[in-house]
Novice: 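Just passing along the structure, written as structure tokens.
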Amino acid sequence: MLYGQEHVKRYQETDGAEGHDWQNTTVLLLTTKGRKTGNPFTTPLIYQEDGGNPVIVASKGGDDDDPGWYKNLKVNPEVQVQVKGDKFTARARTATAEEKPALWKKMVATWPAYDEYQTKTSREIPVVVLERV
């Protein structure tokens with residue numbers, strides 16, 4: 001089972017042949033610029049496509065704090081994305097209140113635990129759209 005930086009490494013080495021399909025869902029690699037350091041950080045994240053754009057969830061397993069990658073993209077929304085062998089720059093944005101219900105439903109369909117994560121925290125878990133630049 002791939003997790004964390006081992007997941008990133010195998011995904012990058014194989015253009016997603018290892019790591020894209022994971023636990024009955026799909027994973028992309030998101031690289032953000034550190035808000036404090038300016039260093040790149042790459043994170044494997046579950047995604048689904050919507051209107052040609054990857055969609056991800058800033059759940060952090062239902063933690064009360066946003067994940068670091070989400071804090072990073074709020075400061076610098078220009079990110080790098082890898083979906084299998086397709087590597088591209090995207091502008092990350094939090095889904096609007098109007099968009100979120102349909103996107104949340106789509107993401108829960110691929111990873112049902114998102115609903116459980118939301119019950120564990122008082123923060124509203126953001127859904128993020130990655131628009132190709």
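These numbers come from the heavy atoms of this one structure, side chains and all, not from hydrogens, waters or symmetry mates. In this chain, residues are counted from 1 in sequence order.
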Novice: What distance separates Trp104 CH2 from Ile125 CD1, expressed to the nearest 0.5 Å?
Specialist: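 Going from the CH2 atom of Trp104 to the CD1 atom of Ile125 covers 4.5 Å.
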Novice: How many angstroms lie between atom OH of Tyr114 and atom NZ of Lys106, to the nearest 0.5 angstrom?
Specialist: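 Reported value, rounded in 0.5 Å steps: 13.5 Å.
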Novice: Look up atom CG in Asp15 and atom CZ in Arg10, then write down how far apart they are to the nearest 0.5 Å.
Specialist: 11.5 Å
Novice: Considering all heavy atoms of both residues, which atom of Ala58 and which atom of Pro67 are nearest to each other, and what is their separation?
Specialist: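 Of all heavy-atom pairs spanning Ala58 and Pro67, the closest is O-CD, 3.6 Å.
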Novice: Is the shortest side-chain heavy-atom distance between Trp69 and Ile56 below 4.5 Å?
Specialist: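 A side-chain contact under 4.5 Å exists here.
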Novice: Would you indicate whether the side-chain heavy atoms of Thr32 and Tyr70 approach each other to under 4.5 Å?
Specialist: no
Novice: Could you go step by step and tell me if Gln48 and Trp111 meet the side-chain contact (heavy atoms from CB on, under 4.5 Å) rule?
Specialist: CA-CA 10 Å; Gln48 288 291 292; Trp111 194 255; over 6 Å; no
Novice: Which salt bridge (Lys or Arg N to Asp or Glu O under 4.0 Å) pairs, counting each pair once, include a residue from residues 115-129, with sequence neighbours left out?
Specialist: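 Those involving residues 115-129 are Asp66-Arg123, Lys100-Glu124.
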Novice: Taking all non-hydrogen atoms of both residues, which atom of Ala95 and which atom of Val129 are closest, and how far apart?
Specialist: CB-CG2, 4.4 Å
Novice: Carefully, step by step, assess Leu28 and Leu45 under the rule side-chain contact (heavy atoms from CB on, under 4.5 Å).
Specialist: CA-CA 6 Å; Leu28 58 69; Leu45 296 166; 4.3 Å; yes
Novice: Which value, rounded to the nearest 0.5 Å, describes the distance between Asp21 atom CG and Leu2 atom CG?
Specialist: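 Rounded to the nearest 0.5 Å, the CG-CG separation comes to 11.5 Å.
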Novice: With rounding to the nearest 0.5 angstrom, report the OG1 to CD distance, Thr42 to Gln5.
Specialist: 7.0 Å
Novice: Write down the atom of Thr121, the atom of Gly62, and the distance for their closest heavy-atom approach.
Specialist: CB-O, 3.2 Å
Novice: Give a yes or no on whether Asp65 atom CG has more than 12 heavy-atom contacts from other residues, nucleotides or ligands under 6.0 Å away.
Specialist: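 Counting other residues, nucleotides and ligands, CG of Asp65 exceeds 12 neighbours.
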Novice: Do Val8 and Leu29 touch side chain to side chain, with heavy atoms closer than 4.5 Å?
Specialist: yes
Novice: With side-chain contact (heavy atoms from CB on, under 4.5 Å) as the criterion, how do Met107 and Ile46 come out once you've worked through the C-alpha distance, each side chain's angles and the decisive distance to 0.1 Å?
Specialist: CA-CA 9 Å; Met107 295 307 295; Ile46 293 168; 4.2 Å; yes
Novice: Is there a continuous path of hydrophobic side-chain contacts, each under 4.5 Å between heavy atoms, that joins Val81 to Val133?
Specialist: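 As far as the 4.5 Å side-chain criterion goes, Val133 and Val81 are not connected within one cluster.
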Novice: Do Phe41 and Arg35 have side-chain heavy atoms sitting under 4.5 Å apart?
Specialist: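 They are not in contact (no side-chain heavy atoms under 4.5 Å apart), so the answer is no.
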Novice: Can you give me the closest heavy-atom contact between Ser122 and Asp64, atom names plus distance?
Specialist: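 Where Ser122 meets Asp64 most closely, the heavy atoms are N-OD1, 3.7 Å.
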Novice: Could you walk me through whether Arg132 and Asp86 pass the side-chain contact (heavy atoms from CB on, under 4.5 Å) test, one step at a time?
Specialist: CA-CA 11 Å; Arg132 192 182 291 258; Asp86 184 19; 2.7 Å; yes
Novice: Identify whether Val75 and Val79 are in the same connected component of the hydrophobic contact network (ILVMFWY, side-chain heavy atoms under 4.5 Å).
Specialist: no
Novice: Rounded at 0.5 Å granularity, tell me how far CG in Leu30 sits from CD in Gln80.
Specialist: 9.5 Å
Novice: If the plane angle is over 60° it's perpendicular, under 30° parallel, otherwise tilted; pick one for Tyr11 and His7.
Specialist: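 Rings of Tyr11 and His7: tilted, as their planes differ by 30° to 60°.
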Novice: Specify the closest pair of heavy atoms between Val27 and Gly19, including all atoms of both residues, with the distance to one decimal.
Specialist: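 Taking Val27 first and Gly19 second, the nearest heavy atoms are CB-O, 3.4 Å.
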Novice: So does Lys84 have more than 12 non-hydrogen atoms from other groups sitting under 6.0 Å from NZ?
Specialist: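 At most 12 heavy atoms, drawn from other residues, nucleotides or ligands, come within 6.0 Å of this atom.
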